[in-house]
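Letters A, B, ... mirror the listed sequences (proteins, then strands); counts begin at 1.
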Amino acid sequence: MRFSQFFIPTLREAPAEAEAVSHIYMLRAGYVRQLAAGLYIYLPLAWRVMNRIMKIIREEMNAIGAQEISMPGLHPADIWQKTGRWDAIGDEMFRLKDRGDRDMCLGMTHEEIITWLASMEIRSYRALPQMWYQMQAKFRDEARPKSGILRTREFIMKDSYSFDRDEQGLAESYRKHAEAYHRIFKRCGLRFHQVESDPGMMGGAISHEFMAPSPAGEDTIVLCKQCGYSANTELARSIPAVGARCAMPLQGEELEEVHTPNRRTVTEVASFLKADASCFIKSLLLMDDDGPFLALVRGDQELHEKKLRKIVGNFRPAQKEEVKGILGVEAGFIGPHNNNLRKIADISLKEGTYIAGANREGYHVKGIRPQEHFQAEWDDIHVAREGDACAQCKALLTLEKVIEIGNIFQLGTKYSVPLKAVYLDENGKEQPIIMGSYGIGPARIAAAAVEQNHDKDGIIWPRSIAPFDIEIIPLDMGEKEIMETAEAIYRDLTYAGFEVIMDDRDERPGIKFKDADLIGIPYQIVIGKKGLKEGIVEFKTRMTKQTERLSPADAVKRVKEL
RNA sequence: CGGGGCGUAGCGCAGCCCGGUAGCGCACACGGUUCGGGACCGUGGAGUCGGAGGUUCAAAUCCUCUCGCCCCGACCA
């Protein structure tokens, strides 16, 4: 490929709207252009990267026996109504009507459609198992598209679905996918973790996410280096570190009310009483269908709403008047003792002596001992954070910002039952198909690769997904010998099967060097007048910036040995 | 959806407070000199100042509404 004929609109300065490193470089290096919020055009360089990623994904999916198909992006509403997601999903779904006034939507995912297919076509246990996948656009009206191609409203996803007779079959399909995903992300040159995740509205019991560490990531995971426990903070369990020593000795004290006028928040009372936040019980009055209840966490901790929701179902915070009506005081002074409300307390409170609201206007109470002064249901309802100990092995946990690049779900019968995707077993008995669903975002792989591999000059692509393998840089287009050498190397490498781009523009060397570093092809061969006089060209590795002085023939050989 | 910021030439920005008919750098075109890390000189093309309405003799500038984009949060198969 000739640079002069290839569309690479590089920018000297980054557009002001870009913030994430991957976004800035993809714009500057001429990979993408933005059409509207969360909608991107992939220019030739980016599309090459995408195709290489998708090729790797295809190879690994095919290798586990998955078969590629293609489903429509436009869906009739009734299938989504049957699974309940038409109503369960809110504004995130693009909805429209066709000319016949029928409700339609743009697919956010394809469980409904593929299950419909399976329901129409699969009759017998003899037809199972099956694994079908596609690479297809998904549409989600994101509340906040961001970070370039990391979070967009239309994006390509590799989504696959497994169909099995039973749970064991599902476990096998799930395992195959997990292994394929490991190979895919490894081949794409990414650092990543597989972590436990919250199935969310996908339903099902078990799910994992594949996470690429990056400051640009939107999720946070906890990792235990000792036992390998790893999970999204959406559900990660942990043992909170023991709080700092309280300033005043509380051990053995009897209950003692202290006047704390106008101090309502933990921070306010803590500084007023000169005690650490971890000496306090934070009491939150919440309302669910059965009425009010208290959620208790240590003063320095944060309530994890998702964890709590798993225990009690849906809830909401009580309003100001409700708090007064139920406990007789305003929210700043409520506490766990002297009332019969249901209480869910975080495990970190099980031991120790604490300060809490006194349920009396303007007062807190010291000396509260859980299980002695109040009873509660104990559970992990706090947000895990840096410094907490692993819930499995007690080792220190670390937290990491990550980009979600893939996920796998054991769905079970969540879709097959409502859509009547069933098969007849050996006994002629009808059984629901057991399903799994598995996604990968190729654009996120590309973005994560840039986030993880760049320097101040630009992108440094992993070899496997770079738009080209080699960039040849002849420094003087007017020198016959330079051009002949460049053409010969270009011909040899192309013939040997490499994807080669040659910067044949009549530009100054500085511009060619800058652009080459920006674009990030992993290897460069620089051909200049001085070197050629001595019969050498320069083979340069983009990542290390190291150059090797080689004869043109050796340079070709060097590339072939990569 | 809540909070904040920004829309002026392809990109980055100044001008706005204090109204007087739009400017700088880069990019682009042409000519010349250059040529190993984003050259220099000269000439030139390019802007409904996001849009609509209003105030005014006069609006990029003041007022009202509106659209778009970015960031933080909420949300997130």
Side-chain angles (χ1 to χ4, degrees), chain A residues 9-20 23-24 27-30 33-40 75 80 83-86 88-94 105-114 136 138-148 150-153 155 157 159 161 197-204 207 209 216 218-219 232 234 305-306 404 406-409 411 414-415 437-441 456-458 473-479 482 503 505-519 524 526-533 537-538 540 545 547:
Chain A
T10 59
L11 303 169
R12 186 186 292 249
E13 288 170 292
E17 66 267 14
E19 187 102 338
H23 190 196
I24 290 171
L27 286 169
R28 275 198 61 203
R33 287 295 182 262
Q34 183 178 36
L35 174 65
L39 297 173
Y40 282 82
H75 303 174
W80 284 80
T83 61
R85 290 164 113 195
W86 179 264
I89 295 171
D91 293 337
E92 208 183 333
M93 185 186 281
F94 281 105
C105 65
L106 298 180
M108 329 178 39
T109 174
H110 283 75
E111 280 78 17
E112 275 77 2
I113 309 307
I114 202 125
Q136 217 255 6
K138 299 284 181 278
F139 300 87
R140 295 179 193 175
D141 197 358
E142 291 286 351
R144 186 148 97 81
K146 57 181 284 197
S147 306
L150 268 181
R151 191 171 199 78
T152 55
R153 295 191 292 176
F155 57 96
M157 179 187 271
D159 47 322
Y161 306 87
S197 71
D198 182 355
M201 72 178 295
M202 288 298 302
S207 68
E209 286 166 330
E218 301 181 283
D219 288 291
N232 195 313
E234 285 179 353
E305 295 192 12
K306 264 190 181 162
E404 181 185 355
N407 50 32
I408 53 182
F409 297 93
L411 298 175
K414 177 173 162 123
Y415 298 92
S437 132
Y438 317 87
I440 289 182
K456 64 172 176 37
D457 294 314
I473 307 175
L475 291 181
D476 190 340
M477 303 304 296
E479 288 283 329
I482 287 177
D503 193 345
R505 295 174 302 170
D506 190 14
E507 291 286 359
R508 305 168 62 80
I511 289 178
K512 295 190 178 189
F513 291 139
K514 288 286 184 191
D515 274 347
D517 287 351
L518 222 206
I519 290 161
Q524 303 167 7
V526 179
I527 304 157
K529 193 159 59 178
K530 286 178 209 158
L532 216 49
K533 248 182 212 157
V537 299
E538 290 160 36
K540 184 171 146 195
K545 296 263 175 92
T547 61

Using a 4.0 Å heavy-atom cut-off, does [X] contact any base of the nucleic acid, only the sugar-phosphate backbone, or nothing at all?
X	answer
Ala18(A)	nothing
Asp159(A)	nothing
Arg28(A)	base
Gly478(A)	nothing
Asp517(A)	base
Lys545(A)	nothing
Asp457(A)	nothing

Candidates G37(B), C70(B), G38(B) - which lies nearest the side chain of Leu518(A): G38(B)
Proximity to the side chain of Lys530(A) - top-ranked nucleotide from C69(B), G38(B), G36(B): G36(B)
Round to the nearest Å and state the distance from [X] atom [atom1] to [N] atom [atom2].
X	N	atom1	atom2	value
Glu92(A)	C75(B)	CD	C1'	8 Å
Leu150(A)	C70(B)	CG	P	13 Å
Glu19(A)	C72(B)	CD	C1'	10 Å
His23(A)	C69(B)	NE2	P	12 Å
Ile482(A)	G36(B)	CD1	P	10 Å
Asp515(A)	A39(B)	CG	P	11 Å

Pair His75(A)-Phe139(A), ring pair (Phe, Tyr, Trp, His ring centres under 6.0 Å): steps then yes or no: CA-CA 11 Å; His75(A) 303 174; Phe139(A) 300 87; 9.0 Å; no
Enclosure of Lys545(A) NZ (heavy-atom neighbours >12, cutoff 6.0 Å): yes
Nearest-angstrom distance, C1' atom, G7(B) to G15(B): 15 Å
Euclidean distance for C1', C1(B) against G23(B) (whole angstrom): 40 Å
Side-chain donor-acceptor contact under 3.5 Å, Lys146(A) with His23(A): no
Test item: side-chain donor near acceptor, Ser437(A) and Glu111(A), under 3.5 Å: yes
Per-nucleotide protein contact string for nucleotides 23-29 of chain B (B base, S sugar-phosphate only, - none; heavy atom under 4.0 Å): --BSS--
Leu532(A) side chain near Ile482(A) side chain, heavy-atom distance below 4.5 Å: yes
